[in-house]
2 protein chains.
Amino acid sequence: MSKSVTTGRRAGLDRDDMVATALALVEKEGPASLTMRRLATELDVTTTTVYWHVGSRDELITEIIRQQSERQAARPIEGDTPRDRVMSAARHVWDSAIENRAITSLAHQTGTTSLLEHPLEVALAREVEAAGLAGPAAADALRAILTTVGGFLVRALRDESAIPEDRRGPALWAAADVEIDPSTVAALSEAPDLASLFEATVQAVVDHHVR
Amino acid sequence: MSKSVTTGRRAGLDRDDMVATALALVEKEGPASLTMRRLATELDVTTTTVYWHVGSRDELITEIIRQQSERQAARPIEGDTPRDRVMSAARHVWDSAIENRAITSLAHQTGTTSLLEHPLEVALAREVEAAGLAGPAAADALRAILTTVGGFLVRALRDESAIPEDRRGPALWAAADVEIDPSTVAALSEAPDLASLFEATVQAVVDHHVR
DNA sequence: ACCTGAACACCGTTCAAGT
DNA sequence: ACCTGAACACCGTTCAAGT
């Protein structure tokens, strides 16, 4: 019961402890829960202490993303043809984002996506080059593939339940003001199989650059 | 010089005035400038008055997006083949987003993108059906195209200057820790021609569904 | 070197009260 | 019906002060 409010020294925490706690907090309660005050409470210190160790919210987030980027272990590329191996590398970006929704969302919101995914992007770049591309052609292929993957990620990570019913896509199509085929409207009302749509679409983009 | 602080009645403002002022504010100073307090100042009333008229920040934004959605006049679809017309409709989504960066960013941040772009999506859906698709096939084509366009929009609307140098993509590639060809690294360091990359990539996705 | 308390300048939102 | 003043519960950040 020593509530010892030892005003002053020693909490025994360093920068890494704070980043680790912050990362865990984001994983457990989502990006919105990460506030300097909340993190301080979690660590049982004052906000000022957090500032002393991490600098600012921006630096904290950069550090979280940097750590997560390292944790996203290099995944083995599969496939025998360049086409398959490029596709495999692209899928790794998708998979690791899906497996780490909360932190990936945080990265998207703070513009640190490239920092988070860089190792996986490097792996993709290697396969693109192994397919015979270099220079501007390789850069274009890389950007086209990553941008397409990014589009699917934005869709997959968006929390539909956080959006009011009447602002969601399906509801808008159901209120069919115009001449769209009922069978199409019906198909649009159902939840899409994003994973297989991802496969087909990214494959099409890959095929456009690698053959 | 009548600073008449007529505490109480009559500011002569209605809901539409507020939404219009809010929309103009976002266009002039960006999505971040839109706070209830700032809007109140702009209208020369109290925050409470804004709440009385618009309900909440969420409702205000929905209304902004709804109005902008209507303003985004139906653009004429060009082209003689289904392939060209689908592509033209897809380009309209891109063009109107680029022409209205600030509001589109606001929509992206608040999950109201589908509300904003719905009229243009309907136009795209019509062309997809005119190409001979319906039901699940039409829905898949639509979603694949729109998701790809969305990926490019996220990239194009991201304010690179707001991201610290060392977190940006090019800087990460320049610090080439691995075996990537120097010519590729050089190409990645230059600003991409997003518009033409958009053309080529979306065309590839369109071709996968429409032929 | 490491930590606290108090404060500044912001948020969105609500409530009781005025005309 | 329409508007204000004051307040609540939050933010990120900084500064002077303690040990």
Side-chain angles (χ1 to χ4, degrees), chain A residues 2-22 25-26 29-65 105-106 109-112 162-164 167, chain B residues 2-22 25-26 29-65 105-106 109-112 162-164 167:
Chain A
S2 61
K3 191 108 169 280
S4 73
V5 191
T6 5
T7 168
R9 321 191 94 275
R10 288 289 85 196
L13 296 164
D14 61 2
R15 191 182 161 101
D16 275 340
D17 293 324
M18 308 214 156
V19 176
T21 306
L25 179 61
V26 172
E29 303 185 33
S33 68
L34 182 64
T35 71
M36 300 304 270
R37 288 175 144 92
R38 175 66 199 279
L39 178 58
T41 310
E42 215 72 20
L43 292 161
D44 208 39
V45 293
T46 336
T47 16
T48 334
T49 305
V50 175
Y51 275 89
W52 197 90
H53 283 287
V54 304
S56 71
R57 185 167 195 270
D58 251 44
E59 287 180 58
L60 171 65
I61 289 172
T62 303
E63 207 46 50
I64 292 174
I65 302 300
S105 292
L106 179 67
Q109 286 165 24
T110 53
T112 48
I163 304 172
R167 286 191 235 166
Chain B
S2 60
K3 193 109 169 278
S4 71
V5 191
T6 5
T7 168
R9 319 192 96 277
R10 289 289 86 197
L13 297 164
D14 62 2
R15 191 182 161 100
D16 274 341
D17 292 325
M18 308 214 157
V19 176
T21 305
L25 179 61
V26 172
E29 302 186 34
S33 68
L34 182 64
T35 71
M36 300 304 270
R37 288 174 143 94
R38 176 67 199 279
L39 178 58
T41 310
E42 215 72 21
L43 292 162
D44 209 39
V45 291
T46 335
T47 16
T48 334
T49 305
V50 176
Y51 275 89
W52 198 91
H53 283 287
V54 304
S56 71
R57 185 166 194 271
D58 250 44
E59 286 179 58
L60 172 65
I61 289 171
T62 303
E63 207 46 50
I64 292 173
I65 303 300
S105 292
L106 179 67
Q109 285 164 25
T110 53
T112 49
I163 303 172
R167 287 190 235 165

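Letters A, B, ... mirror the listed sequences (proteins, then strands); counts begin at 1. Given the structure is predicted, the values throughout are model-derived calculations rather than measurements.
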Output the rounded distance in Å from [atom1] ([X]) to [atom2] ([N]).
| X | N | atom1 | atom2 | value |
| --- | --- | --- | --- | --- |
| A:L13 | C:dT4 | CG | C1' | 14 Å |
| A:L60 | D:dT13 | CG | C1' | 14 Å |
| A:R15 | C:dC2 | CZ | P | 13 Å |
| A:L43 | C:dT4 | CG | P | 11 Å |
| A:D44 | C:dC2 | CG | C1' | 16 Å |
| B:D14 | D:dC2 | CG | C1' | 12 Å |

- Item | Among C:dT4, D:dA6, D:dC2, the one nearest B:T48 by side-chain distance |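 Per side-chain heavy atoms of B:T48, the pick is D:dA6.
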Inter-residue atom distance [X].[atom1] - [Y].[atom2], 0.5 Å rounding:
| X | Y | atom1 | atom2 | answer |
| --- | --- | --- | --- | --- |
| A:R37 | A:T47 | CZ | OG1 | 5.5 Å |
| A:L106 | A:L34 | CG | CG | 6.5 Å |
| A:L13 | A:R15 | CG | CZ | 14.0 Å |

- Residues two or more places apart in sequence or in another chain: which of them pass side chain to side chain donor-acceptor pair (under 3.5 Å) with A:T110?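 For A:T110 the side chain to side chain donor-acceptor pair (under 3.5 Å) partners, ignoring immediate neighbours, are A:T112.
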- Query: What is the minimum heavy-atom distance between A:I163 and B:G111, and which atoms define it?
  - Reply: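 So the minimum-distance heavy-atom pair works out to CD1-O, 3.4 Å.
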- Query: With sequence neighbours left out, what residues match B:R38 under side-chain contact (heavy atoms from CB on, under 4.5 Å)?
  - Reply: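 For B:R38, the residues satisfying side-chain contact (heavy atoms from CB on, under 4.5 Å) (neighbours in sequence not counted) are B:L25, B:E29, B:S33, B:T35, B:E42.
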- Message: Using atom P in both nucleotides, what's the gap between C:dA9 and D:dC10 to the nearest angstrom?
- Response: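 That atom pair is separated by 22 Å.
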Could you run down the sub-3.5 Å N/O contacts of the protein with nucleotides 10-12 of chain D?
unit_1: D:dC11; atom_1: OP1; unit_2: A:T35; atom_2: OG1; d: 3.4
unit_1: D:dC11; atom_1: N4; unit_2: A:R37; atom_2: NH2; d: 3.2
unit_1: D:dG12; atom_1: OP1; unit_2: A:M36; atom_2: N; d: 3.3
unit_1: D:dG12; atom_1: OP1; unit_2: A:R57; atom_2: NE; d: 3.3
unit_1: D:dG12; atom_1: OP2; unit_2: A:M36; atom_2: N; d: 3.0
unit_1: D:dG12; atom_1: N7; unit_2: A:R37; atom_2: NH1; d: 2.3
unit_1: D:dG12; atom_1: O6; unit_2: A:R37; atom_2: NH1; d: 3.4
unit_1: D:dG12; atom_1: O6; unit_2: A:R37; atom_2: NH2; d: 3.3

- Of A:I64, A:I61, A:L39, the residue whose pairing with A:V19 passes side chain to side chain contact (heavy atoms under 4.5 Å, CB included):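 For A:V19, the side chain to side chain contact (heavy atoms under 4.5 Å, CB included) check succeeds only for A:I64.
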- Message: If the condition is salt bridge (Lys or Arg N to Asp or Glu O under 4.0 Å), which residues does A:D17 pass it with, not counting sequence neighbours?
- Response: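 Expected list: none.
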- Does any pair with a residue in residues 49-63 of chain A pass side chain to side chain donor-acceptor pair (under 3.5 Å), and if so which ones, sequence neighbours excluded?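 Sorted pair list: A:D58-B:R167, A:T62-B:R167.
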- Query: When Watson-Crick pairs (N1 to N3 and N6-O4 or O6-N4) and G-U wobble pairs (N1-O2 and O6-N3) count only below 3.5 Å on both distances, what is the dot-bracket string of DNA chain C, with | for other-strand pairs?
  - Reply: ||.|||||...|||||.||
- Message: Does a side-chain N or O of B:T46 approach OP1 or OP2 of D:dT4 to a distance below 4.0 Å, or not?
- Response: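 For D:dT4, OP1 or OP2 has a side-chain N or O of B:T46 closer than 4.0 Å.
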- Using only side-chain N and O atoms of A:H53, determine if any of them is under 4.0 Å from OP1 or OP2 of C:dC3.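 Checking A:H53 against C:dC3: at least one side-chain N or O falls below 4.0 Å of OP1 or OP2.
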